[in-house]
Number of protein chains: 2
Amino acid sequence: MSNKNVERDQDVSLKLFIVLSRAFEAIEKQIVKNVKEYGLNLTEFAVLELLFHKGDQPIQKVGQKILLASSSITYVIDKLENKSYLTRKACPTDRRVIYASITDEGKKLMEDIFPKHKEAMSKIMGGLTTHEKELVTEKLKKLGLYAQQL
Amino acid sequence: MSNKNVERDQDVSLKLFIVLSRAFEAIEKQIVKNVKEYGLNLTEFAVLELLFHKGDQPIQKVGQKILLASSSITYVIDKLENKSYLTRKACPTDRRVIYASITDEGKKLMEDIFPKHKEAMSKIMGGLTTHEKELVTEKLKKLGLYAQQL
DNA sequence: TATAATTATTTCGAATTCGAGATATTATTA
DNA sequence: TAATAATATCTCGAATTCGAAATAATTATA
């Protein structure tokens, strides 16, 4: 790449990061507002959604999928347990492992929230057409995977 | 839109949010790692960068541009002041206002960091071509502005 | 098999952010 | 002009996240 093109790519990259941050924060803020009405924060919602759709998970798996440090998961799981939306279940084959399991109450909540969440998501992302979203998703996947591998 | 298309757009939107989050977090993590080597976190870096490139700013303006609550800015400005990278300067015309002003030491730091930051940014975003970045930037801008307006 | 290394979860303290409210100042309006 | 509203900054306490280290259990190795 020529010097000029290197510089241009740097400027474009800086700008992309700003715009990416802003877009993410704007969307996140809307979603936070929505789930807050159900007394949940985004992390709690993500954990419940995972258990709701994927079934019981070892606590550590939850952390991996939600992208949270192990100490933070303990905290979130505690909170959801206090709210009676999940229970801890011992693993019969490996006594180190504890499963997080969504309760009936938790399921009921998600059956209520999730469809609304999907609708809200569509509205929040109304700035792009379905096709544009697919295009951006594909590019962002490349971008994210590359950055992750560094 | 048909029912089928509504559902498809919802699914695409959900997926886009996941991918957007992951990309943002992966990139952010790399940048955090870089600026950490200079003893800064991302917020502190953002504040210094703003003052470095745009000159003195009222504290409240800093918060607006960095997207931070007023109570949080006070905290960050305090930290940067303790590190001698900026000083507070009273506004002569409005005694409510306090300017944040980067020090010579702060400028020296940014003259060192910023070019490296630009290079790093290009590398971190190496998963896309310059042209793809521009395309994604344009779409994300639409996406973010729309979400912000809700 | 005993020892060492790995894995899962938790505890603890620190860092960062927020929202609500306090204070001081300036701008508006009745 | 006096009272009211708006603006800028800061203080405080709470929530969330992290990293390091503790504990317990399992797996690998010598």
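A, B, ... follow the sequence lines: proteins, then strands. Residue 1 opens every chain.
Going from atom CD1 of A:Ile77 over to atom P of D:dA15 covers 19 Å, rounded to whole Å. Spacing between atom CG of A:Asn82 and atom P of D:dA15 amounts to 12 Å, rounded to whole angstrom units. Atom CD1 in A:Ile59 sits about 11 Å away from atom P in C:dT11, given to the nearest Å. Summarising the geometry, the separation between CZ on A:Phe45 and C1' on D:dT16 is reported as 19 Å, rounded to the nearest angstrom. As a whole-Å value, the separation of B:Glu81 CD from D:dT9 P is 13 Å. Counting to the nearest Å, the C1' atom of C:dT17 and the NZ atom of A:Lys29 are 12 Å from each other. Computed from coordinates, the A:Ile66 CD1 to D:dT16 P distance equals 15 Å when rounded to whole Å. As a whole-Å value, the separation of B:Asp78 CG from D:dT11 C1' is 11 Å.
Within the structure, a side-chain polar atom (N or O) of B:Thr43 is placed less than 4.0 Å from OP1 or OP2 of C:dT17. In terms of phosphate contacts, B:Lys61 brings no side-chain nitrogen or oxygen within less than 4.0 Å of OP1 or OP2 of D:dA8. Side-chain nitrogen and oxygen atoms of B:Asn41 include at least one within less than 4.0 Å of the OP1 or OP2 phosphate oxygen of C:dT16. Within the 4.0 Å cut-off from OP1 or OP2 of C:dC18, at least one side-chain nitrogen or oxygen of B:Ser72 is found.
Side chain of A:Gln60, nearest nucleotide from D:dT17, D:dT9, C:dA8: C:dA8. Comparing D:dT11, C:dA15, D:dG19 by their closest approach to the side chain of B:Thr74 singles out D:dT11.
Place B:Gln64 and B:Tyr75 on DNA chain D by their nearest nucleotides, and B:Gln64 ends up nearer the 5' end. Where B:Lys79 and B:Ser71 meet DNA chain C, the nucleotide closest to each residue was compared, and B:Lys79 sits on the side nearer the 5' end.
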Which atom pairs, donor and acceptor, lie under 3.5 Å between side-chain atoms of residues 139-150 of chain B and protein residues at least two apart or in another chain?
| residue | atom | partner | partner atom | Å |
| --- | --- | --- | --- | --- |
| B:Lys139 | NZ | A:Glu132 | OE2 | 2.7 |
| B:Lys142 | NZ | A:Glu132 | OE2 | 2.9 |

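The stretch residues 85-99 of chain A touches DNA chain D through A:Asp94, A:Arg95, A:Arg96, each having a heavy atom under 4.0 angstrom from the strand.
Side-chain atoms of B:Tyr38 and B:Lys116 include a donor-acceptor pair closer than 3.5 Å.
Using a 4.5 Å heavy-atom threshold, the side chains of A:Ser71 and A:Thr74 count as separate.
In the interface, the side chain of B:Ser70 is paired with the base of D:dC10 through a donor and an acceptor atom under 3.5 Å apart.
Considering OG of B:Ser13 and NZ of A:Lys133, their distance stands at 3.0 Å, rounded to 0.5 Å.
B:Leu42 and B:Val35 get closest at one heavy-atom pair: N-CG2, 4.3 Å. Pairing each heavy atom of A:Leu40 with each of A:Leu48, the nearest pair is CD1-CD1, 4.0 Å.
The salt bridge (Lys or Arg N to Asp or Glu O under 4.0 Å) analysis of residues 35-50 of chain B, with sequence neighbours excluded, yields the pairs B:Glu44-B:Lys79, B:Glu44-B:Lys83.
Counting non-hydrogen atoms under 4.0 angstrom, B:Ile73 reaches nothing in the nucleic acid.
Test B:Ile124, B:Ile31, B:Thr137 against A:Phe17 for side-chain contact (heavy atoms from CB on, under 4.5 Å) and you get one pass: B:Ile31.
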